[in-house]
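Note that the structure is predicted; figures quoted are calculated from it, not measured. Just so we're on the same page: letters track the sequence lines, and every chain starts at 1. Excluded from the calculations below are hydrogen atoms, water molecules and symmetry mates; all remaining heavy atoms, backbone and side chain alike, are included.
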Amino acid sequence: MSEVKIKPEMSAEELRVLRHTASHVLAQAVKKLFPSAKLAIGPAIDSGFYYDFDVAQPFTAEDLREIEKEMQRIIKRGAKLERFVLPRAEAIALMQEQGEPYKVELIEDLPEGEEISFYKMEDFTDLCAGPHMPSTGKVKAVKLLQAAGAYWRGSEKNRMLQRIYGTAFDNREALEAHLAQLEEAKRRDHNKLGRELELFTTSEVIGQGLPILLPKGARVVQLLQRWVEDEEEQRGYLLTKSPLMAKADLYKISGHWDHYYEGMFVMGDKEMDARGEEVLALRPMTCPFQFQAYLNRTRSYRDLPLRYNETSTLFRNEASGEMHGLIRVRQFTISEGHLACRPDQVEEEFFGCLELARHLLDTLGLLEDVSFRFSKWDPNNREKYIGDAADWERTQDLMRGILDRMGLAYTEAEGEAAFYGPKLDIQMRNVHGKEDTMITIQIDFQLAERFGMTYTDSDGQKKFPVILHRTSVGCYERTLALLIEKYAGAFPTWLAPVQAKLLTITERCDDWAREVAALLKSHGVRVELDLRNEKIGFKIRESQVEKVPYMLVMGDKEVEDRTLAVRSRKEGDLGVMSPEALVAKIVEEIRTKAR
RNA sequence: GCUGAUGUAGCUCAGGCGGUAGAGCACUUCCUUGGUAAGGAAGAGGUCUCGGGUUCGAGUCCCGACAUCAGCUCCA
């Protein structure tokens, strides 16, 4: 779900400048109230700005209120911002004099010849490339949102600083609208809504990152899963079902033992393994398991491409602070597949994977919300990867060529590759704007050789196939989360855990209500029967405000006794319908997967 | 894992300075009710996340664990 755009009265670029200026106002206010605070960096971001400070005590909520008040005073004074430039040595001297070690470090890291500029407002001077508003008075509406820890320069090896987040606009109304939007995002948050709608829950005694899908959530996942498996079968995929765990031996071949050990649930440890005792580990990926299916017999070039898919449950030992609702969990189920192909088939197969992913996303209504990311290795962090630089460059060039020939709009990201190869990641933002990978398609020239996977080519030579690793809708838990947020819990009819809710207004209707429910069920419509015969206005609202596609009310005195009044979430009041007509309508909606 | 906040009934939350728990909604039973958040009566539901400690006495103070949330780091 992409963030709804607010309409500020200035351009996006002007707004960034304004917010950057606001971050300087923040820094000035903090220095006034906490003179010993050391300044780090304070940029504008998509939805506002932040500034990092090194302080003895983390900021409290009261601190933020005081800082915000001080900011208002600074803004009211409308101080001018004056830019000036210093040579490197003088710049460093100035920052040393002001007692700002982080600023000194920043200046020292600036490339030779780069202009070193400062901005001065009143008695406050800060290193900054700019640009800025001419006066702090331009920041008409500012709000501090939260304080949280953040590592200096984004590395967990560095000291943790205290970051203050805020946002700013050129008018009060835009700020209010933005804050209202943040509230709305909270309401759509799958982690809240998904629990309220009884799609999932968690349990302290089960543990974090291990959600329980409740009947309604499990039903949605089941529907997705059956649909995806059918779509894959139609595209020539062969289903496998492989074990959830394996001996350390397998992971040593795949490289996981060396490159992913911390991320695995290992039953035992490296010492036991070294003593020759059997050590099993739950699988964090399906690849090495599915490769064993390939290795079942000798393969000919005529067998390729070979497409395997598996609805695969994976286990990853994420660090404790990283879990989040259904988005980031320790156990998840994913539509994972591996394709073994000849070099001349890579492009077509890659395209096929992308076509499948796009088709699925389009059907779910999510295609308009995703972005594509070409994830490359980080040549400066070699120990994270297997294979040599030449392999990587060659594979990445191949992938870039395919992407460009497909005319795909994508961004490039260094250091985001898998340890065995580059990826095309399909990214989606959650309701709070945080981006996660939904789907990934990867090209791998390495693992086939490690596993001794070969095929006999037309020239009689044994060769290693190219492996494509791919998911189709990605993991079901995460997909469910994004769907909850996309539709605010009101799933399209074909995915809705309850498609029709049947209410009776008097017990005289109960028998007929059961008959109608049975009819709907016999056509595969998921119906929930409520025979409590209470006032129904209450119940229509109570049934989660328009989350159910069809509300059916039995019995209408005004027309005749055996009537069915239908209210559609999408089309409003449909009046009195025959059960047969309703069935036809819903069945058609399910068949076409209409949104 | 790091920084901070939080953890009281199914849900949302009250419980100033320690004296063994409350509200609204939901739930159960009954009465009334053929219509868009009706009314009435009665009732059930909590070892206050868990474990230690201080104390005559802990929901309340201290320590630890676990879980949840925000952010960082990491990642599908």
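Listed by first then second residue, pairs satisfying salt bridge (charged side-chain N to carboxylate O under 4.0 Å, His left out) with a partner in residues 416-425 of chain A read Arg373(A)-Glu416(A), Arg373(A)-Asp425(A), Lys423(A)-Asp425(A), not counting sequence neighbours.
Relative orientation of the Tyr420(A) and His469(A) rings is parallel, given thresholds of 30° and 60° on the angle between their planes. Using cut-offs of 30° and 60° for the angle between ring planes, the Trp227(A) and His359(A) rings count as tilted. Between Phe53(A) and Tyr51(A), the ring planes lie parallel to each other; the angle is under 30°, not in the 30° to 60° tilted range.
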Heavy atoms under 4.0 Å is the rule here; annotate nucleotides 68-75 of chain B 5' to 3' with B where the base is hit, S where only the sugar-phosphate is, and - elsewhere.
SSSBBBBB
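Here Val205(A) lies out of heavy-atom contact (under 4.0 Å) with every strand.
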Report, one pair per line, the protein and nucleotides 45-52 of chain B atoms (nitrogen or oxygen only) whose separation is under 3.5 Å.
none

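Under the 6.0 Å distance and 45° angle rule, Arg163(A) counts as a cation-pi partner of Tyr50(A). Geometrically, Lys157(A) does not engage Tyr151(A) in a cation-pi contact defined by less than 6.0 Å to the ring centre and at most 45° from the axis.
For the 3.5 Å distance criterion, the side chains of Ser472(A) and Glu232(A) qualify, holding a donor opposite an acceptor. Between the side chains of Arg283(A) and Ser242(A), at least one donor N or O lies within less than 3.5 Å of an accepting N or O.
With C1' as the reference atom, C74(B) and G15(B) are 41 Å apart, rounded to whole Å. Taking atom P in both G40(B) and G24(B), one finds a spacing of 12 Å when rounded to whole Å. Between A67(B) and C56(B), the distance separating the two C1' atoms is 34 Å to the nearest Å.
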